[in-house]
Amino acid sequence: MPEFYAAIPAVAYEGPGGKSPLAFHFYNPDEQILGKPMKAHLRFAMSYWHTMCAEGADMFGVGTLEKSYGHADPMASAYAKAEAAFEFMQKLGLEFYCFHDRDIAPEADNLRETNARLDKISDKLLELQKSTGITPLWGTANLFSNPRYQNGAASSCSPEVFAFAAAQVKKALELTVKLGGQGFVFWGGREGYETLLNTNYALEQDNIARLFTMARDYARSIGFQGPFYIEPKPKEPMKHQYDYDAATAIGFLRKYNLQDDFRMNIEANHATLAGHTFQHELRVAREEGFFGSIDANIGDPLLGWDTDQFPTNVYDAALAMLEVLNAGGFTAGGLNFDAKTRRASNTFEDLFRAYIAGMDAFALGLRMAAKLRADGRLDEFVKARYAGYETGLGLDIVRGKMNLPALEAVALEKGDVTTTSGRQEYLEHVMNCVMFGC
């Protein structure tokens with residue numbers, strides 16, 4: 001097998017004092033944190049689409065990093081990408097990857113030939129998995145790139161497009177089972193609308209639920225036992241997408257009785273587009289019982305679109321990992337780097353450095369989250385702030401013993417009332433002190 005990244009050595013842990021740009025300074029995979037190895041807390045995964053396929057193109061220019069891996073023939077290139085992907089993951093110590101069906105094999109002129117290509121490439125992936133121990137974190141179907149999906153996939157106005165999407169999901173589920181994928185993601189990239197003037201909103205919602213239900217039932221029939229994930233995103237490419245944010249997606253799942261099989265795959269950049277913080281979306285998923293997996297990246301609020309940058313903000317990573325720890329950790333999910341290097345970072349070494357930066361940032365985030373939990377002041381403050389609901393009037397409200405007349409009587413007797421300070425600035429200072437040792 002050829003070596004595609006011969007100039008880049010296997011990336012090792014060097015420690016905080018090291019200066020090597022191709023070494024980990026905070027991610028020490030076997031280091032024990034709260035009773036588990038760091039790698040078990042983080043469960044890092046490579047995104048096949050950005051890492052192996054994206055070449056830096058944007059709406060204003062062609063790509064800046066060529067990724068055919070030495071082959072003009074699309075299938076020959078796909079085989080080479082598979083080999084390069086596993087070399088890449090081994091050198092970084094990654095144990096998982098995530099894929100769309102159209103990432104691993106090019107689409108042919110008809111569905112039958114496309115499926116045959118997928119069978120061949122998945123045989124190759126299975127061979128590489130057996131020799132390395134690397135497996136998929138999750139699989140998914142690309143139901144947004146092809147022009148047939150210009151009006152959506154499950155939400156399309158065309159029954160024929162719906163049928164094609166269903167066939168594509170069926171094959172993607174079979175691939176996920178074949179390769180041992182632990183989960184399956186639905187990202188409704190074009191499941192939404194540009195204007196209500198031409199949209200049957202109710203039918204589109206119902207049809208999305210119909211596809212999800214069919215997918216769940218078929219997957220269970222072929223032995224898939226893992227969770228399904230919805231990845232919320234409010235806009236782009238559609239002006240309004242139906243899975244706007246975690247709360248919207250959770251409401252949808254409960255409406256259509258899908259809550260037992262589906263969880264959330266939260267992406268940081270999508271939270272930004274929805275006007276939320278990353279931590280907010282994770283908190284909603286956790287508190288509602290839908291915590292599942294994470295797409296680890298970051299967006300630029302000054303640009304206002306899905307920039308998919310590598311995550312290097314340690315504050316965001318710390319607060320995200322605090323939610324992960326409070327959820328009890330990942331089960332089938334993990335941290336997938338749904339991120340791409342900037343267009344001007346146009347070498348394979350830049351790609352390795354980007355992964356190192358993201359992995360180190362989340363390693364730091366994990367360390368800081370563990371310290372915040374051990375310190376306890378944030379939890380203690382929140383508990384004290386809501387202590388009124390543990391006794392007396394507050395406890396009666398929580399237990400449903402009060403009604404409006406009874407509460408009115410309390411308010412009339414007590415007269416005007418005050419509340420306590422939220423002390424936000426103090427709590428932000430506490431976080432700085434815990435993270436930086438003051």
Side-chain angles (χ1 to χ4, degrees), residues 34 201-202 205 230 232 234 240 242-260 262-264 266 268 270-292 294 301 315-316 318-329 368-435 438:
L34 299 177
Y201 178 93
Q205 293 269 298
I230 290 182
H240 184 99
Y242 291 130
D243 47 5
Y244 186 91
D245 59 7
T248 304
I250 289 167
F252 172 91
L253 293 174
R254 286 175 172 157
K255 175 182 177 180
Y256 292 102
N257 198 30
L258 292 164
Q259 66 273 9
D260 292 338
F262 282 75
R263 295 294 178 264
M264 294 293 109
I266 299 298
H270 294 179
T272 302
L273 293 178
H276 302 313
T277 64
F278 187 20
Q279 185 191 21
H280 167 88
E281 287 290 88
L282 290 170
R283 177 70 62 89
V284 170
R286 177 172 70 81
E287 294 284 7
E288 297 293 334
F290 285 84
F291 174 79
I294 289 175
Y315 281 94
D316 283 347
L319 293 172
M321 289 311 301
L322 191 59
E323 296 300 324
V324 173
L325 293 177
N326 288 338
M368 295 303 106
K371 289 175 66 175
L372 287 166
R373 278 167 57 103
D375 177 81
R377 278 179 285 177
L378 297 182
D379 289 338
E380 290 168 4
F381 183 87
V382 172
K383 183 177 176 58
R385 191 179 186 209
Y386 293 92
Y389 286 94
E390 296 179 0
T391 60
L393 173 63
L395 188 58
D396 286 342
I397 292 171
V398 169
R399 290 178 173 175
K401 293 183 176 182
M402 302 298 287
N403 56 27
L404 289 183
L407 290 169
E408 180 192 41
V410 172
L412 289 170
E413 178 183 347
K414 289 186 174 294
D416 198 12
V417 294
T418 60
T419 187
T420 58
S421 169
R423 295 185 181 175
Q424 177 177 330
E425 297 77 13
Y426 159 72
L427 296 172
E428 291 168 344
H429 180 60
V430 167
M431 186 171 176
N432 283 343
C433 285
V434 171
M435 290 178 67
C438 64

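Both backbone and side-chain heavy atoms feed into the values below; hydrogens, waters and symmetry mates do not. What you see is a predicted model; the values in this text were computed from it and never measured.
Nearest approach of I230 to A249, heavy atoms of both residues: CG2-CB, 3.9 Å. A pairwise comparison of heavy atoms in M435 and A318 identifies CE-CB, 4.4 Å as the closest pair. Closest approach of T277 and A271 over heavy atoms only: O-CB, 3.7 Å. Of all heavy-atom pairs between Q259 and R263, the closest is O-NH1, 2.8 Å.
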task: In sequence, state the C-alpha distance, the side-chain angles, and the governing distance for M368 and Y315, and then conclude on side chain to side chain contact (heavy atoms under 4.5 Å, CB included).
output: CA-CA 9 Å; M368 295 303 106; Y315 281 94; over 6 Å; no
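Environment of CD in E390: crowded, with over 12 heavy atoms of neighbouring residues, nucleotides or ligands closer than 6.0 Å. In R254, the CZ atom is crowded: over 12 heavy atoms of neighbouring residues, nucleotides or ligands sit closer than 6.0 Å. Counting non-hydrogen atoms of other residues, nucleotides and ligands closer than 6.0 Å to CG of L404 gives a total of 12 or fewer.
Between F381 and V430 there is no side-chain heavy-atom pair separated by less than 4.5 Å. A 4.5 Å side-chain heavy-atom check between I294 and F278 finds at least one atom pair inside the cut-off. Inter-residue side-chain proximity for E323 and F291 is flagged as unmet; no heavy-atom pair is nearer than 4.5 Å. Two residues are said to be in side-chain contact when any heavy atoms from C-beta on lie closer than 4.5 Å; N326 and R283 fail this criterion. Counting only heavy atoms from C-beta outward, the side chains of M264 and V284 never approach each other to under 4.5 Å. The closest side-chain heavy-atom distance from V324 to M321 is below 4.5 Å. Residues R377 and L427 are not in side-chain contact: their nearest non-hydrogen atoms beyond the backbone lie 4.5 Å or more apart. In this structure the side chain of L34 reaches within 4.5 angstrom of the side chain of R373, judged on heavy atoms.
Atoms CG and CG, on L273 and D245 in that order, are 11.5 Å from each other to the nearest 0.5 Å. With values rounded to the nearest 0.5 angstrom, L253 atom CG is found 11.0 Å from T248 atom OG1. Rounding to the nearest 0.5 Å places CG of N403 at 11.0 Å from CD1 of I397. Atom CG of L319 and atom CG of L282 lie 10.0 Å apart (nearest 0.5 Å). Rounded to the nearest 0.5 angstrom, Y256 OH and F262 CZ are separated by 13.0 Å. Between the CD1 atom in I250 and the CG atom in L258 there is a gap of 13.0 Å [rounded to 0.5 Å].
Applying the salt bridge (charged side-chain N to carboxylate O under 4.0 Å, His left out) criterion to E428, with sequence neighbours excluded, gives no partner residue.
The closest donor-acceptor contact from the side chain of D375 to the backbone of K371 lies at 3.5 Å or more, if one exists at all. Remark: side-chain polar atoms of E281 are paired, donor with acceptor, to backbone N or O of A246 under 3.5 angstrom. The closest donor-acceptor contact from the side chain of H270 to the backbone of P232 lies under 3.5 Å.
Ring pair Y242/H240 is perpendicular by interplanar angle, where above 60° counts as perpendicular and below 30° as parallel.
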